[in-house]
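Residue numbering restarts at 1 for every chain, and letters A, B, ... go by the order of the sequence lines.
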There are 2 protein chains.
Amino acid sequence: MTGFTPPPPSPDHGTPDGTPDGTRGEHPGLALIPVGEPPQLRADAARNRTRLLEAASRLAARCGAANLTMEAVAAAAGVGKGTVFRRFGDRTGLLLALLDHREQQLQAAFISGPPPLGPGAPAAQRLHAFGPAVIRHERDHHDLILATRTDPLRAYSVPARHLRLTHVAMLLREAGVDGDAELLAHTLLGYLDTTLIHHLSVERGMSPDRLDATWHDLVTRLGAGPAE
Amino acid sequence: MTGFTPPPPSPDHGTPDGTPDGTRGEHPGLALIPVGEPPQLRADAARNRTRLLEAASRLAARCGAANLTMEAVAAAAGVGKGTVFRRFGDRTGLLLALLDHREQQLQAAFISGPPPLGPGAPAAQRLHAFGPAVIRHERDHHDLILATRTDPLRAYSVPARHLRLTHVAMLLREAGVDGDAELLAHTLLGYLDTTLIHHLSVERGMSPDRLDATWHDLVTRLGAGPAE
DNA sequence: ACTTTAAACAGGACCTCGGTCCGGTTTTAA
DNA sequence: TTAAAACCGGACCGAGGTCCTGTTTAAAGT
């Protein structure tokens, strides 16, 4: 029994809460947050969590997500280095948590936002709207997203990915597409992969229009109706 | 002028030559290798290159590609640490060079091998055969491939990727598929991405049959004929 | 065959950063 | 009041990567 580490209450790989951008949050009373998964952090832990996310967000904006160092984040947040790792597990965990917060705007848009992206429009139209929305979102945060891809396998386990997958698969079925909806959804999401989009638009200089057009083409060919 | 580094003759990111597995290669005479790109390494440099690749291959087989350390490779090859970096640039470069060598078997199969993968069969059939072949190949080397994905963007610049892309795009056009052949090819290759395949088969437990079936479905829906 | 010259080499010091661990201290919640 | 949980802060390790000194070696010129 030399180095035994009972898993510290499982660091979060990015779960909703935190509100890491607002400058409020000193009074921990009033549990407004409809938090679901995080097993209730202790008050000081939660406070440090948001401090860390704020600091990370600042530093990422200043120096780029790729240049974030854990020590710098810890120092900027005024906490010890160990605290950062206790909370987020590792660097990727921190970046994912950062990303997750921003991701929720997109999620809200296609889950409960106005049509054609949100509910209310026919499934095919929602699908057609989905691609360009994701592409735009990913372009806005490409540096952060790319920085998380140091651990390629984890990208598939992150809740955001799963949510997108379920959503697209559902729309495919709803649009009357026959076949393996889950794998077809994976294929569509593959086309929207940040790395690919970044490569095509930045390194190959493809226009957004061309990327969008092929999305519509794909959705149509997979059996959902045309865009119109 | 403190730390200026005139780019050392550009380390290779994985280019054909080397024959890093055979145990021959002591007599550097007889330039049999129809080498194209590598700007002719000096004899001792070439020798060290193959030594390094051999050592790396051994170590990767023993401990897994993820646990390869540059110093271990250097030591096992009996060269200095600096030599490894001079030759391959960085760890990813070394891994890509390793991978590239194994990739050539697959390339030979679909470029000049027997039908239906190689030339001689109709384009649609070649396309249908392409997916399962790549999936099998990637499963065989998934640890090595995943280890290179630490640098996600580089995966798109590597010659092997470009070759696959051109090949698939050509087959699509040849099969009479209309639309943006290049982007459709990217989509198909996205479905074959090692990370995705690994996630689906290992972590989600999907059967190879199901993965293959969806490949055929995809190719068919994109407009090439059915498999038959 | 001999000299020359540029390139490659060994090998290790050195830096950075991710990640672990620990001893002592503070804070929270019961 | 008390016990558990979180924290600080830094020592510590491993590995990637840089750089430098002096040495070897291959290749081109005579």
Distance check needed: [N] [atom2] versus [X] [atom1], whole Å only.
{"X": "A:Arg91", "N": "C:dT16", "atom1": "CZ", "atom2": "C1'", "value": "13 Å"}
{"X": "B:Phe85", "N": "C:dG11", "atom1": "CZ", "atom2": "C1'", "value": "14 Å"}
{"X": "B:Arg51", "N": "C:dA8", "atom1": "CZ", "atom2": "P", "value": "16 Å"}
{"X": "A:Phe88", "N": "D:dA6", "atom1": "CZ", "atom2": "P", "value": "14 Å"}
{"X": "A:Asn67", "N": "C:dC17", "atom1": "CG", "atom2": "P", "value": "9 Å"}
{"X": "A:Arg87", "N": "C:dG19", "atom1": "CZ", "atom2": "P", "value": "17 Å"}

Is the shortest side-chain N/O distance from [X] to OP1 or OP2 of [N] below 4.0 Å?
{"X": "A:Arg86", "N": "D:dA5", "value": "no"}
{"X": "B:Arg47", "N": "D:dA26", "value": "yes"}
{"X": "A:Thr69", "N": "C:dC17", "value": "no"}
{"X": "A:Asn48", "N": "D:dC7", "value": "yes"}

Check ion pair A:Arg91-A:Asp151 (N to O, under 4.0 angstrom):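 No salt bridge links A:Arg91 with A:Asp151.
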Pair B:Arg154 + B:Asp90, salt bridge at N-O below 4.0 Å: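 A salt bridge is present here (some side-chain N lies under 4.0 Å from a carboxylate O).
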Ring centers of A:Phe110, A:His167 separated by less than 6.0 Å: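 Distance test on ring centres: under 6.0 Å, yes.
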Residue mapping more 5' on DNA chain D - nearest nucleotide basis, A:Asp44 or B:Leu68: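 The residue closer to the strand's 5' end, by nearest nucleotide, is A:Asp44.
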Residue whose nearest DNA chain D nucleotide is more 5′ - A:Gly78 or B:Met70: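 Nearest nucleotide further toward 5': that of A:Gly78.
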Side chain proximity check, B:Thr194 to B:His141, heavy atoms < 4.5 angstrom: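 Of all side-chain heavy-atom pairs linking B:His141 with B:Thr194, none is under 4.5 Å.
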Partner residues of B:Arg164 under the salt bridge (charged side-chain N to carboxylate O under 4.0 Å, His left out) criterion, sequence neighbours left out: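 Checked B:Arg164 against salt bridge (charged side-chain N to carboxylate O under 4.0 Å, His left out); matches are B:Glu103, B:Glu138.
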Toward the 5' end of DNA chain C, by each residue's nearest nucleotide, A:Glu71 or B:Glu71: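 The 5'-side residue here is B:Glu71.
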Proximity to the side chain of B:Val79 - top-ranked nucleotide from C:dA10, C:dA8, D:dC7: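 Nearest listed nucleotide: C:dA10.
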Side chain A:Lys81 and base C:dG19 donor-acceptor under 3.5 Å: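 Yes, a donor-acceptor pair under 3.5 Å.
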